Amino acid sequence: MELAQLRYFVAVVEEGGFTRAGARLHVSQPGVSAQVAQLERELGQRLLDRSGRRVTPTEAGRAVLSYARAALAAVEGVRRTAEEFSGLLRGRVALGLVPGAAGAVVDGFDVVEVLGAFHDEHPGVEIALSEDTSERMLAALLRGELDLAVVGLAGEPPPGVSCQVVLDEPLVAAVRADDPLVAAAVNGTIPLAALRGRALISLPRGTGLRGVLERACAQAGFAPRVDFEAAAPAVLVRLAARGLGVAVVPTGAESAAGPDGTGGSGSGGLCALRITEPGLTGRVALAWRTDGPSGPAARKLLGRLRSGASGRPAP
């Protein structure tokens, strides 16, 4: 049994197929298939079910998977520890981001600037960035597939995950100036109940902002009617500017829509109405496993990101 075989097996399970696993590992699909088949022969068990459109682990495969991941993690830990003693910071850090986080600067928290400065000091560290919903990234953190993540929070983080909030902004309803909500608003505010039955534009399910909206509406006795979904607040407000519904977004996001709804420097005919009764807030946070990232590179980057989020040196 070789480490490469375990690595290929884990990749096939996580990617759901041999072709995607090969692309991830930069190995040809036949090479991945041959190595996994050799592992199955050595163990005397079928580890993968290849009969469906997506390759899935068999019962034996599921039992072996945790040990394969542990073996790979142990080898990586040995390598990282040796490099740490040599004074050279190397390795790989997997960082997940909510869509749009890499392009935003919030209260001085600039992910790209922190990553750039970190890379200048530690060019031997590979940083793998990915975008996904907050729900899936929090699960990936707990599984060890991500080292760090910038996520949206709908409530408290799950057990085993620690967070540092980097954004806590009121949510607003972004609508065209001729929408009846604007005429009914009092001092630029509307109650949440005013959104009952309205066509809403929101981030997808699994995001923190969507979770906040759905939870508040459920407590108010109705389900939100979401007609349009998009992964970035800037897209939501552009849809609202075209009159397609009410975009529920953080304060300030409405400035992404131009007068014609195609994007621009001004908000044109778009109005942002503060949602009250209850007031809703959107929170974005830096998240990591409570027991800390396993490698020195990830721990170092976590310190830099926490420092960037607070404006103070991280402990």
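Hydrogens, waters and symmetry mates play no part in the numbers below; they use all other heavy atoms, side chains included. These numbers come from a predicted model, not from an experiment. Along the sequence shown, residues are numbered consecutively beginning with 1.
Taken from CZ in Phe228 to OG in Ser202, the straight-line distance is 13.0 Å, to the nearest 0.5 Å. The CG atom of Leu142 sits 13.0 Å away from the CE atom of Met137 when rounded to the nearest 0.5 Å. Here Thr56 contributes atom OG1 and Leu47 contributes atom CG; the two are 12.0 Å apart, rounded to the nearest 0.5 Å. Between the CG atom in Asp49 and the CZ atom in Arg54 there is a gap of 12.5 Å [rounded to 0.5 Å]. With rounding to the nearest 0.5 Å, the separation of CG in Leu39 from CG in Leu6 is 6.0 Å. Going from atom CG of Leu181 over to atom CD1 of Ile190 covers 4.5 Å, rounded to the nearest 0.5 Å.
Dense packing is recorded around CD of Gln35, with more than 12 heavy atoms of other residues, nucleotides or ligands lying under 6.0 Å away. Environment of CG in Asp120: crowded, with over 12 heavy atoms of neighbouring residues, nucleotides or ligands closer than 6.0 Å. The environment of Arg196 atom CZ is dense: over 12 non-hydrogen atoms of other residues, nucleotides or ligands sit within 6.0 angstrom. Taking a 6.0 Å sphere around CZ of Arg198, one finds it holds more than 12 heavy atoms contributed by other residues, nucleotides or ligands. Counting non-hydrogen atoms of other residues, nucleotides and ligands closer than 6.0 Å to CD of Glu113 gives a total of 12 or fewer. Within a 6.0 Å sphere centred on CD of Glu59, other residues, nucleotides and ligands contribute 12 heavy atoms or fewer.
Distance alone, capped at 3.5 Å, places no donor-acceptor pair between the Thr276 side chain and the Thr189 backbone. For Glu131 (side chain) and Leu97 (main-chain N/O), no donor-acceptor pair under 3.5 Å exists by modelled atom type. Between the side chain of Arg50 and the backbone N or O of Val55 there is no donor-acceptor pair closer than 3.5 Å. A donor-acceptor contact shorter than 3.5 Å links the side chain of Ser134 to the backbone of Gly152. Judged purely by atom type and a 3.5 angstrom limit, Arg215 uses its side chain to pair as donor or acceptor with the backbone of Ala154. Within the 3.5 Å criterion, the main-chain N or O of Val161 finds no donor-acceptor partner in the side chain of Arg289. Under a 3.5 Å cut-off, the side chain of Asp147 and the backbone N or O of Ala298 do not form any donor-acceptor pair. For the pair Arg274 (side chain) and Val172 (backbone), a donor-acceptor distance under 3.5 Å is absent.
In this structure, Val165 is not a member of the same hydrophobic cluster as Leu280, with clusters built from ILVMFWY side-chain heavy atoms closer than 4.5 Å. Hydrophobic clustering places Leu3 together with Tyr8 (ILVMFWY residues linked when any side-chain heavy atoms are closer than 4.5 Å, directly or through intermediates).
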Check residues 65-75 and write down every donor-acceptor pair under 3.5 Å in which the side-chain atom is one partner and the other belongs to a residue at least two apart or another chain.
residue : atom : partner : partner atom : Å
Arg69   : NE   : Glu14   : OE2          : 3.3
Arg69   : NH2  : Glu14   : OE2          : 3.2

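Within the 4.5 Å cutoff, the side chain of Leu213 has heavy atoms near those of the Cys217 side chain. Inter-residue side-chain proximity for Thr281 and Val212 is flagged as unmet; no heavy-atom pair is nearer than 4.5 Å. Within the 4.5 Å cutoff, the side chain of Val151 has no heavy atoms near those of the Thr133 side chain. Counting heavy atoms from C-beta outward, Ile201 and Asp227 have side chains that stay 4.5 Å or more apart. Glu126 has its side chain out of reach of Val93: every pair of non-hydrogen atoms, C-beta onward, lies at least 4.5 Å apart.
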Q. Do Arg283 and Glu169 pass the salt bridge (charged side-chain N to carboxylate O under 4.0 Å, His left out) test, and can you show the C-alpha distance, the side-chain angles, and the key distance before you say yes or no?
A. CA-CA 7 Å; Arg283 293 192 299 158; Glu169 291 285 351; over 6 Å; no
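Using a cutoff of 4.0 Å between basic side-chain nitrogens and carboxylate oxygens, Glu15 and Arg24 are scored as salt-bridged. For Arg7 and Glu2, the salt-bridge test fails: no basic side-chain N is under 4.0 Å from an acidic carboxylate O.
Closest of all the heavy-atom pairs between Ala232 and Leu203 is N-CD2, 3.9 Å. A pairwise comparison of heavy atoms in Glu214 and Pro224 identifies CG-CG, 4.1 Å as the closest pair. Across every non-hydrogen atom of Val237 and Ala174, the tightest pair is CG1-CB, 4.3 Å.
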